Structures are given as structure tokens and as C-alpha cells.
Amino acid sequence: MANDEERHDPEGADIGEGRGDRARKAAQAREAQRNAKAAAKLRENLMRRKTQARARRAGEEDSTEGLPAAKTDESS
């Protein structure tokens, strides 16, 4: 009698994947996609911060995307 853990057809080719195997592969694919997206966001953030640091060293003004600060100087 063949071992229950081994599932082969008569020609020796593996029989289709089980539900657990497909779920595991799908989870790994989602994890890889999430990691790739996070890496892209980190690269984007790093590039933005480097640009800001270069602008500060050069004495240029930062280009802001959001709302400006409520107070621009400390005299008020």
C-alpha cells in the first residue's frame, strides 16, 4: 500500500495541489505584494526626505504639499 502522504498518478506526475497548498501560496503572494508596496513607499519617502535635506543645505524653501504652519515666525 502506498504512503498516504505521497499522492501520485500512475505515470509518476504529482496530482493537483490541495486546498491548503493553494491557500498558502495565495497568502505568500499577498505577503510579497504587500512587502513590495511597502518598499516602494519607503523609497518614495526617502527620496522626498533627501530632496528636503538638499534644499535646506542650499538655503532654499521647502515645498510643502499640505497646509502651511499657523505661525511662520515667533514674533506673534
Side-chain angles (χ1 to χ4, degrees):
M1 184 164 151
N3 189 353
D4 289 337
E5 294 178 13
E6 296 178 6
R7 299 182 333 189
H8 298 283
D9 67 4
E11 284 93 40
D14 288 337
I15 294 179
E17 299 174 338
R19 189 180 323 165
D21 293 336
R22 286 190 304 263
R24 200 171 6 265
K25 284 184 181 182
Q28 288 173 346
R30 283 191 304 271
E31 180 71 21
Q33 188 177 26
R34 187 169 49 240
N35 287 342
K37 188 175 181 179
K41 285 287 196 181
L42 287 171
R43 280 192 301 274
E44 178 183 323
N45 189 15
L46 179 62
M47 288 175 47
R48 186 171 18 91
R49 288 180 177 271
K50 282 184 173 184
T51 302
Q52 288 173 345
R54 288 185 196 114
R56 287 186 184 121
R57 281 196 303 265
E60 299 172 7
E61 183 178 325
D62 288 341
S63 60
T64 58
E65 293 181 13
L67 297 172
K71 293 173 38 175
T72 57
D73 62 347
E74 300 202 20
S75 63
S76 332

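Bear in mind the structure is a predicted one, so any value in this text is a computation, not a measurement.
- Side chains of T51 and R48 form no contact here, defined as non-hydrogen atoms less than 4.5 Å apart.
- The environment of E31 atom CD is dense: over 12 non-hydrogen atoms of other residues, nucleotides or ligands sit within 6.0 angstrom.
- Q28 CD to K25 NZ: the interatomic distance, rounded to the nearest 0.5 Å, is 8.5 Å.
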For this session: For R49 and N45, run side chain to side chain contact (heavy atoms under 4.5 Å, CB included): C-alpha distance rounded to whole Å, both residues' side-chain angles, the deciding distance at 0.1 Å, then the answer.
Result: CA-CA 6 Å; R49 288 180 177 271; N45 189 15; 3.4 Å; yes

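- Put simply, CG on D21 and CZ on R19 are 11.5 Å apart, with the number rounded to the nearest 0.5 Å.
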